Amino acid sequence: MSHPLDAKNTFANPVIPGFHPDPSVCRVGDDYYLACSSFEYFPGVPLFHSRDLVHWTQIGNVLDRPSQLVLPTATPSSGGIYAPTLRHHDGRFWLIVTNVGEGGGNLLVTATDPAGPWSEPVRLPGVPGIDPDLAWDEDGTCWCTFAGVGQVRIDPHTGETFGPPRELWSGTANAKAPEAPHLYRVGDHWYLLIAEGGTERGHGVSVARSRTPSGPFEPCPANPILTHRGTDHPVQNTGHADLVQAPDGSWWMVFLGVRPRGGTPGWHVLGRETFLAPVTWVDGWPVVGEVGLRQPAPPWPLSPPPAEDPRDDFDLGTLRPHWVSLRDRPAQCVTTEERPGWLTLRARGGSPDDPDVTFVGRRQQHPLCRARTLIDPAQGCGGLTVLLDDRHHYDIETDGGEVRVVARAGSLRTVVARRPVPAGPLVLAARISDPAPPHDARTGPDAVSLGVEEPDGTFAVLATLEGRYLSTEVAGGFTGRVIGMYAASGTVRFDWFDYQPTGG
């Protein structure tokens, strides 16, 4: 007997909303683990756990120490950490990833507990390119496949490679950017899953198979097996996928996609997000099922975690794992221990324009939301920023005597509003809402209002700015919005930070 699609027997896509691209997943018993790219943010490679493939909880970050992750100040926005592959083999978790920054390259770390600690990196100088994958065959040989699509045999314990890299498959004729390879043994075949077409609107997933892990590979006649190019589907840029088999034998795909909003060409502001879809096997090939913003749930009980408290009071000795900083996080600049219950930030760079700005933020995960923080600027200047990158951000900051809104969009930077405020702690706020009418083909994705919270709790807006300038379609790059706190000069302290969705 069929059931109507309601909240009890459906799930919402994306399953990990916000800037969580390039998902890689593995299962150990009844538990699933998933890792994502992190680019210029520290700590790197957020790591999630789930019991049902639908509800995910971040349990840590793989690269959480300066000895593991070096992102020099010169690392550009959308540089840094690209496309991890997460696997479980021989009783250990293995994660291979590319640091495209200076002195980086391909790295491999391991752990017995995915929540950490993870090992110091094994460097892989013989593995070229980006998007490395790990697969072991029956005799224990480890194969590393990478964007291009090429392959080399490696010793994952030492980083040694055996023989020169060789090309495996160039993907579909005339399709650009064959990348994100993952190699699997399913039945009598080895399957090579890749992304191609670029990570923009032409993105897609294709697959080939072989009797051996080193080829030759026969492409699927139905390629691409997943793409939304040329459609009006609400989820676009679908690609960079990974497969996992559930305990009941069913197969599932995680992949990245975006949710464009507004008129033409459509703007996505949350970055590339992690989606889930079912997979069946037909004539020896994977077939991707429905992809929807709400779709039928897996055939097992769902296990949502307890609701997350929208407010962080900074009452722990360390920051929670969802907080990220730009490139590094020196203890002398970022601490919750100097004034208990407060986040203390000590300035380096003077604003979010600067690559070394002292910043702590969290990913925007909902199209409509609000963020608030209580700042004490008595010893400096700082504020709240809605940040896409160092050339595209909106800030509200205070030095204790004045509050001002600063807009940065490419080469333009201006103070768009200011007003005096009394000395003492102050609540700064950002509200992201639907754009005001009238709507036409040029209407942007949203509006960003910045202001202060009055003593009676009302939101006093200083400025409302167009959201399109904080979108990937305007700014370029691979990341999404991050909302957080920064220090522009001296020392500033924040008592709490509150983030809540407001609809959409």
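Residue numbers start at 1 and run along the sequence shown. What you see is a predicted model; the values in this text were computed from it and never measured.
No donor-acceptor distance shorter than 3.5 angstrom exists from the side chain of Arg272 to the backbone of Thr274, with no hydrogens or angles considered. With hydrogens and angles ignored, the 3.5 Å screen pairs no side-chain donor or acceptor of Glu196 with any backbone N or O of Gly171. No donor-acceptor pair closer than 3.5 Å links the side chain of Arg362 to the backbone N or O of His322. Of the possible polar contacts, none joining the Asp52 side chain to the Leu302 backbone as a donor-acceptor pair under 3.5 Å is found. In this structure, the side chain of Thr335 does not engage the main chain of Thr344 through any donor-acceptor pair within 3.5 Å. Checking side-chain atoms of Thr98 against main-chain N and O of Val100 turns up no donor-acceptor pair under 3.5 Å. Distance alone, capped at 3.5 Å, places no donor-acceptor pair between the Arg153 side chain and the Gly163 backbone. Arg209 places no side-chain N or O within 3.5 Å of a backbone atom of Cys220 that could act as its donor or acceptor partner. In this structure, Asp22 contributes its side chain and Ser37 its backbone to no donor-acceptor pair below 3.5 Å. The closest donor-acceptor contact from the side chain of Ser210 to the backbone of Phe217 lies at 3.5 Å or more, if one exists at all.
With contacts defined as side-chain heavy-atom distances shorter than 4.5 Å, the pair Leu345/Val334 qualifies. Here the side chains of Phe314 and Leu319 are in contact, with some heavy-atom distance below 4.5 Å. Proximity of Ser170 to Pro178: side-chain heavy atoms (C-beta onward) are nowhere separated by under 4.5 Å. Contact annotation: the side chain of Arg261 never approaches that of Trp267 to less than 4.5 Å [non-hydrogen atoms, C-beta and beyond]. For the pair Arg259 and Leu293, the minimum side-chain heavy-atom distance is below 4.5 Å. Annotation: side chain of His392 is not in contact with side chain of Arg408 (no heavy-atom distance under 4.5 Å). Residues Gln365 and His20 have side chains in contact (heavy-atom distance under 4.5 Å, counting atoms from C-beta outward). Proximity of Trp169 to Pro181: side-chain heavy atoms (C-beta onward) are nowhere separated by under 4.5 Å.
A salt bridge links Glu338 with Arg346: the closest approach of a Lys/Arg side-chain nitrogen to an acidic carboxylate oxygen falls below 4.0 angstrom. Using a 4.0 Å cut-off between charged side-chain N and carboxylate O, Asp31 and Arg51 make a salt bridge. Between Glu40 and Arg327 there is no salt bridge, since no side-chain N of the basic residue sits under 4.0 Å from a carboxylate O of the acidic one. Comment: Arg87 engages Asp133 in a salt bridge, judged by a side-chain N to carboxylate O separation of less than 4.0 angstrom. Salt bridge status for Arg363 with Glu273: absent, with no side-chain N to carboxylate O gap under 4.0 Å.
Neither side chain, Arg294 nor Asn13, offers a donor N or O lying under 3.5 Å from an acceptor on the other. There is a side-chain donor-acceptor pair under 3.5 Å between Ser250 and Trp252.
The two residues Tyr184 and Ala241 have their closest heavy-atom pair at OH-O, 4.4 Å. The shortest non-hydrogen separation linking Pro367 to Asp446 is O-OD2, 4.3 Å. The minimum heavy-atom distance linking Thr212 with Gly215 is given by the pair OG1-O, 2.7 Å. The two residues Val279 and Pro286 make their nearest non-hydrogen contact at CG1-CB, 3.8 Å. Smallest separation of non-hydrogen atoms from Gly257 and Val235: CA-CG1, 4.3 Å. For the pair Ser24 and Leu86, the tightest heavy-atom approach, listed with the atom from each and the gap, is OG-N, 2.9 Å.
Between Thr336 atom OG1 and Asp313 atom CG the span is 12.0 Å, to the nearest 0.5 Å. To the nearest 0.5 Å, atom CG of residue Asn237 and atom OG1 of residue Thr227 are 9.0 Å apart. Within the model, atoms CG of Leu368 and CD of Gln500 stand 13.5 Å from one another, a figure rounded to the nearest 0.5 Å. Atom CG of residue Asp30 and atom OG of residue Ser303 lie 10.0 Å apart, to the nearest 0.5 angstrom. Taking CG from Leu270 and CG from Leu470, the interatomic distance works out to 11.5 Å, rounded to the nearest 0.5 Å. Taken from CZ in Phe255 to CG in Leu193, the straight-line distance is 11.5 Å, to the nearest 0.5 Å.
Screening Thr73, Asp328, Asp354 for a side-chain hydrogen bond (donor to acceptor under 3.5 Å, both in side chains) with Arg348, the sole residue that qualifies is Asp328. Shown are Phe42, Phe497, Phe359; of these, the ring-ring contact (aromatic ring centres under 6.0 Å, His included) with Trp323 is made only by Phe497.
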- Message: Checking Gln151 against Ser214 for the side-chain hydrogen bond (donor to acceptor under 3.5 Å, both in side chains) test, could you report, in this order, the C-alpha distance in whole Å, the side-chain angles of both residues, the deciding distance, and whether it holds?
- Response: CA-CA 8 Å; Gln151 187 186 75; Ser214 55; 5.0 Å; no
- Query: Hey, mind stepping through Leu343 and Thr373 against side-chain contact (heavy atoms from CB on, under 4.5 Å) and telling me if it holds?
  - Reply: CA-CA 11 Å; Leu343 172 66; Thr373 187; over 6 Å; no
- Item | Worked verdict on Ile432 versus Arg481 for side-chain contact (heavy atoms from CB on, under 4.5 Å) | CA-CA 11 Å; Ile432 298 171; Arg481 286 186 191 162; 3.8 Å; yes
- Just do the side-chain contact (heavy atoms from CB on, under 4.5 Å) check on Leu53 and Phe11 with the steps written out, would you? CA-CA 10 Å; Leu53 274 177; Phe11 69 90; over 6 Å; no
- Could you check Ile225 against Val287 for side-chain contact (heavy atoms from CB on, under 4.5 Å), going step by step and ending with a plain yes or no? CA-CA 6 Å; Ile225 62 170; Val287 176; over 6 Å; no
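For Tyr82 and Phe39, the ring centers are positioned less than 6.0 Å apart. Taking the six-membered ring where the residue is Trp, the centroids of Trp94 and His157 are separated by under 6.0 Å. Taking the six-membered ring for Trp and the full ring otherwise, the centers of His88 and Tyr33 sit at least 6.0 Å from each other.
Relative ring orientation between Trp285 and Tyr191 is described as perpendicular, the plane-to-plane angle rising above 60° on a 0-90° scale split at 30° and 60°.
Asn174 CG: 12 or fewer foreign heavy atoms inside a 6.0 Å radius. No more than 12 heavy-atom neighbours from other residues, nucleotides or ligands sit within 6.0 angstrom of CD on Glu102.
In this structure Arg468 satisfies the salt bridge (charged side-chain N to carboxylate O under 4.0 Å, His left out) test together with Glu466, sequence neighbours excluded.
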